[in-house]
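Written out below as structure tokens is the structure these notes cover.
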Amino acid sequence: MQMLSARWLAFAAVALAVGCSSRDDRLTITIWHQSRPAERELLAEEIARYEAEHPGVRIRALYKETEELRSGFQAAALAGAGPELVYGPSDVLDTFHTMGIIRDLGPWVPEAERDDFVTGALTFLPARDDRSRRDLVQVGDRFGNHLALVYNRRLVPEPPRTTAELVAIARDCTVDGDGDGRSDQYGLVWNFTEPFFAVPFLTGFGGWVFREPESTPPTPGLDSPAMAAALGFIRDLREVHRVAPANCDYELADSLFKTGRAAMIINGDWSWSDYLAIPEIDAAVAVLPVVDETSAPMRPMVAPKGYSLNANATGPAADVAMDFVRHVTGDEAQRRLVNRLRMLPARRSAWEDPVFAADPTLAASRAQLENGRLMPVATELRAVWDGMRPSYQALLGGGLAPDAAAARMQTDAERFIDAMHRQLEPGIAVPILQALGALFLAALLVWQWPTFLALLRDLRPNRTAYGFAAPAVVLVFAVIVFPFFSNLVLSLSDMSLTRFRNWRVVGLQNYAEVLSDPRLWGLTGVFMKTLVWTAVNVACHVSIGVLLAVALNGPVRCKALYRLLLIIPWAVPAYITALTWRGMFDYEYGAVNLLLGRWLGLAPVNWLGEPLRAFEACILTNVWLGYPFMMVIALGGMQGIPQELYEAARIDRASRWQQFRHITLPLLKPVLLPAITLGAIWTFNNLNVVWLVSNGGEPQDSTHILVSYVYKSVFNLYRYGYGAALSTVMFLILLAFSLVFLQRSQATESVYR
Amino acid sequence: MASVTLRALEKRYPDGYHAVRGVSLDIADGEFLVLVGPSGCGKSTTLRMVAGLEEISGGTIRIGDRVVNDVAPGDRDIAMVFQNYALYPHLTVRENMAFGLTMRRMPRPEIDRRVAAAAESLSISHLLTRRPRELSGGQRQRVALGRAIVREPQVFLFDEPLSNLDAKLRVQMRAEIAALHRQLAATVIYVTHDQVEAMTLGQRIALMNHGVVQQVDAPLAIYHRPANRFVASFIGSPTMNFFSGTVSDNAFQVTSGGPRLPLNTAAMPAGPAVLGIRPEDFVASMQGDCVPFATVTLDMAEHLGHETLAHFTLPGGGPAIARLPGDAAAQVGHRVDLAVRRQALHVFAADEDGRRLN
Amino acid sequence: MKEPRSITLVRHAVLLVFVAVSLYPVLNVVSISLRPGNRLRSTDLAIIPADWTVASYVQLFTEQPFLTWLWNSLVVSGLVTLTGVALASTAGYAFSRFRFIGRKATMLAILTTQMFPATMLLLPLYILIARLGLVNTWLGLMIFYTATALPFCVWQMKGFYDTIPPSLEEAARIDGCSRAGAFRHVVLPLATPGLVITALFSFMTAWSEYIVAAQVMQDEAMFTLPLGIKSFQASLSSQWGLYAAASILVSIPVVAVFLALSRYLVNGLTLGSVKE
């Protein structure tokens, strides 16, 4: 023991020394950015160039994925820390600005210089304290995110100019070569499941996501005839013209086009270079066609990407950070951007670069940008997307007509915006609540005082026990106590988008809302679904795990090999395997349907398109992820079962089942119980699988379990108080479950005492 | 070797259970003392307190001249053999036996010598490289004994060591333990619930019930003069018959018209009492030192060959057993004239303690 | 132990079916890693694509700081495993063998730490880590990982100790061990399967976590593997080839650790030690 701990300490010291040695004296500026791989290289070069010119400065660029950057920056900024600069598209700026976690950049960008930027590259928002003044919240360095039509020149010699041509070409290119009833090549694919990709159709039919003229705050305008027409057109592409596969999500569309099995794809500027690099498909980019009915072009949303400054960044750090922004938005850097990445720059002078004339893709990109519409910088846009998604997916699943879908999109979006802006006023209950809280604490103290005294007396005689237990217990509690109480306080507060930093305790209103939500507690509600999810998963984990352990725990050849292969689902990161499972559940190309059809002769199941099937798909995936761990535990537990018991049982002529039932199971109990208890808790709180397999609750937000529901309400609608209340309720549910389960199973008691 | 002295030993558990109440015992150097009693009587707890495995709530334990109340078990110079053998499953037989010596940092050659000697005397030399799971029950028991022997402790403690063995092995191991004690001349405290083990092994027996020592004496003394009704009923098989009645005028009158037996009642208070007669003290025909008991009708007769167990019921009393010779012609329904040896009448108080009165 | 052939066949059948089920999705990941051009989906069932390439693997080692991340992860996970096993084996022992005030309550209380969804605790957790000045340090990560892994490990160890007869320790104490000595010489060796599970679990906790790591670590040179891999992922433009290749490589150490430990996992020792 002493030897071990000495070695351990030495190892720890060395490791920590290594971990902490990367310090230097330069002023460090941190950038969190959402750049794509090719863009990161250029960013790294610009940083190197800047650091060479400014030896006292170190710039640390850190890639963050969209959601991670948003939630991470909010948390860090609230804690008074975080990166000096955040870099990304303009869509989150309103959120950051409303929360008060980014600064006005006006002082660093004088009026005179603002005309050097293309219109829309600088993003302004009304100041928080004075709506008549405008804050500069982002300095853009490029435009992007616009969709255009990419076509495979081997299949489509000339791109379509109108939607009629688009449909005609797409129909011609949809081919069932081997005549098995499944198309082997599709005419037109894109990310059918995501409303962002429907925007060009909406604009082409004359509609827009917000009511026009736009008000502040904007109101959604989704129930327009233009929307109904656009939705009808999209639906017909798949249902009538059948030019795209069922359940065509982003990755499937992408793979089809890349392998030459789709003639055309609608995709954003980020994807084009990948397509152009594949010689087999000879891709080219064209402007989206004109809609025949309206004679208007399909106009994608465009957005600038750029830098914003953390509200916590002050003094020289802020100045240096903005100096770096000036560097990357300078003429030279902007020209490098155009030439290297073929992206559209923010500075006017860079648009004069000769490369625009030489590169047809860049020209097409420019043309598409010029007829694009600037993405509104409004937090409400997120509620609009969330409002659109369920009805959009219902439409594609055949459950809703276009006009009904449009109407429901509108009501859903309005509901979300309402929820997002809901203001809670401190209830009269607050002082009562405080008094009750104090009373409860006092009662607890009085009630537990004798126990506490007994504990003090017990400390000496039982010092070995306390000494053994203390390190682990203290560590666990040290980490959890603050978050626990913080969550408790937040659940009583009105922390939300508009009250992010200046939240107040308002009483039990969040709990009232949580407990009265029929979507949560109804018979087909999220809670019941969570129970089914947890019960089915844990039951399958345990039974498969024990089954495999029993199978392995006998005279079998190649035991070690089997064991090794069977734990592999546990060893590979769940993120990628969950996505692989999503692919395996694909209607047309997924392995599950192909095997069901080939071996059992079953008709293909629309796993990801139907609510119940999608939920089953999530469960199947999670079962797969979880049984290896249970198997390992059961294997370990079985080693403690004395062989004599089996011999005795055989003498008593017990069948194998009886041996298992009366010897194996009872003796596995002490080892399996913690795993089952915690397995149930983890499964109950398992966000990843639902999120990945059903792509965030698809279709129609029907696969949510409590934790993904809370995640969605907190991260999409910024309702921190509500989310905290819901998580506290979840905590109480789990606590009650554990208490009952452990009490009934006598898990805290030992077999031998 | 050393003596062991227990003085007013107490054990109370945190939940209030009073397991051992004021036990005082003197075990002489080299003595074999058996602690016997029904399960839950506190005998194991007492032994475990001597071993140091249970905290002492009160009183003192002395091994040799040393008070060991606060001495760790490993420093008390004792060895213990457990009911379940408690062999270390991850060690070989040799390592199991050597474990205690290794812990005491004894030189390797000395350890080897002692292990070899102990293994030799227990005839387990051929098993030294095996793991416990590869041994039979009897072999495991020998290893457990060997592990105790190699330590050459001052005191051996046995906690029901034979109860997991089958009947035949138990007889054999009993003999070996007795031989071992003679050979080592060691002080032994031996806990069992089995009166045969107690009678055959013990030089003295301490009989416990409800945490209290009922009687400490040589086996035959306990058999012949049980100190109270509990001791009387615990030792002897089949168990002693009890008849309630009254003591008066140099006689014991069994209740409701039962027999009246002449008795020296000089030391006894007159009044209700309980008469105890062992089944083997009944005779079917009057002999010189006997007194007539009663004529009884047999409810059942068990012919065991060397003896016959005759079951009968006295009017107004409970069932009783008389042990008659194997050739007795007793059958169900027979009437038998029973007499009883005059010296074998035990009279106990009628109260709960049932103290011996004669 | 001999058993009928039919039973052995059933064993093999069950195992083979589940091996197939276990491996197929992972082979799909292998397939993704061999595809050129970042294709997550495929339209056929072929595991080795017609246009296969190992470019992703080469790129991982030549163009990405994969080895740095690997080393970082090994250090962090190794330390978390050691602390986790050390703390859980002692605490589990206390909960299994001793009866002390607050024992049950504490056991339940450490479970409660698992009952909040991790994403909801991110904000207060980050504030805590920031206040303690542990942002961008491995220490902060390791404390969090150990605390996350401990509740399960403590309960698991307690469960294993419960299956070890206390008389073994008593024998050891009479043989001259202190309580700690009996724990070390007798109990720990017998609880090896539990220690192995605890070690594997602690290792995996640290090996695969990225949500908190993403919040805490600010230097790419100090990234752990999951963080590094996460950087291949971007909305709508992930580098799936690299992602899949790295995922496959990441699982190799786990398999290796399992391989090294599984001997102890299945080497039962308590067999025949005692008869109850």
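All chains are named by letter (A, B, ...) in the order of the sequence lines, taking the proteins before the strands, and each is independently numbered beginning at 1.
Per-residue counts of heavy-atom pairs under 4.5 Å with chain C were compared for Pro628(A), Ala574(A), Gly636(A), Ala79(A); the largest is that of Gly636(A). In terms of non-hydrogen atom pairs under 4.5 Å with chain C, the most contact-rich of Ala81(A), Ala454(A), Ala724(A) is Ala454(A). Between chain C and the residues Leu252(A), Val707(A), Leu635(A), the most heavy-atom pairs under 4.5 angstrom are made by Leu252(A).
Contact of Met157(C) with chain A is not made at all, since no heavy-atom distance falls under 4.5 Å. Proximity to chain A is absent for every atom of Ala246(C), based on heavy atoms less than 4.5 angstrom apart. Heavy atoms of Leu455(A) lying under 4.5 Å from chain C belong to its backbone as well as its side chain. Residue contact with chain A, scored on non-hydrogen atoms closer than 4.5 Å, involves the side chain of Ile197(C) exclusively. In this structure, chain A has heavy atoms under 4.5 Å from both the backbone and the side chain of Pro151(C). Contacts of Gln239(C) with chain A are made by side-chain atoms alone, with heavy-atom separations under 4.5 Å and no backbone atom involved. In this structure, chain A has heavy atoms under 4.5 Å from both the backbone and the side chain of Leu16(C). Only the side chain of Phe258(C) has a heavy atom closer than 4.5 Å to any heavy atom of chain A. With a 4.5 Å cut-off on non-hydrogen atoms, Val154(C) touches chain A through its side chain but not through its backbone. Only the side chain of Ile7(C) comes within less than 4.5 Å of a heavy atom in chain A; its backbone stays farther off.
Trp682(A) and Phe201(C) have their aromatic ring centers within a separation under 6.0 angstrom.
Every side-chain hydrogen bond (donor to acceptor under 3.5 Å, both in side chains) that Trp240(C) has, sequence neighbours left out, goes to Glu251(A). Scanning for side-chain contact (heavy atoms from CB on, under 4.5 Å) contacts around Ile480(A) gives Phe477(A), Thr113(C), Leu121(C), with sequence neighbours left out.
Under the side chain to side chain contact (heavy atoms under 4.5 Å, CB included) test applied with Phe468(A), the options Phe100(C), Phe95(C), Tyr93(C) reduce to a single match, Tyr93(C). The residue from Ile576(A), Leu565(A), Ile568(A) that alone fulfils the side chain to side chain contact (heavy atoms under 4.5 Å, CB included) condition with Val26(C) is Ile568(A).
Judged by distance alone, the side chains of Ser247(C) and Tyr575(A) never bring a donor and an acceptor atom under 3.5 Å apart.
Between Glu68(A) and Lys230(C) there is a salt bridge, with a side-chain nitrogen of the basic residue lying less than 4.0 Å from a carboxylate oxygen of the acidic one.
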Exercise for review: Kindly indicate, with the supporting measurements, whether the criterion side-chain contact (heavy atoms from CB on, under 4.5 Å) is fulfilled by Arg40(A) and Ser231(C).
Suggested key: CA-CA 11 Å; Arg40(A) 287 178 219 166; Ser231(C) 66; 4.1 Å; yes
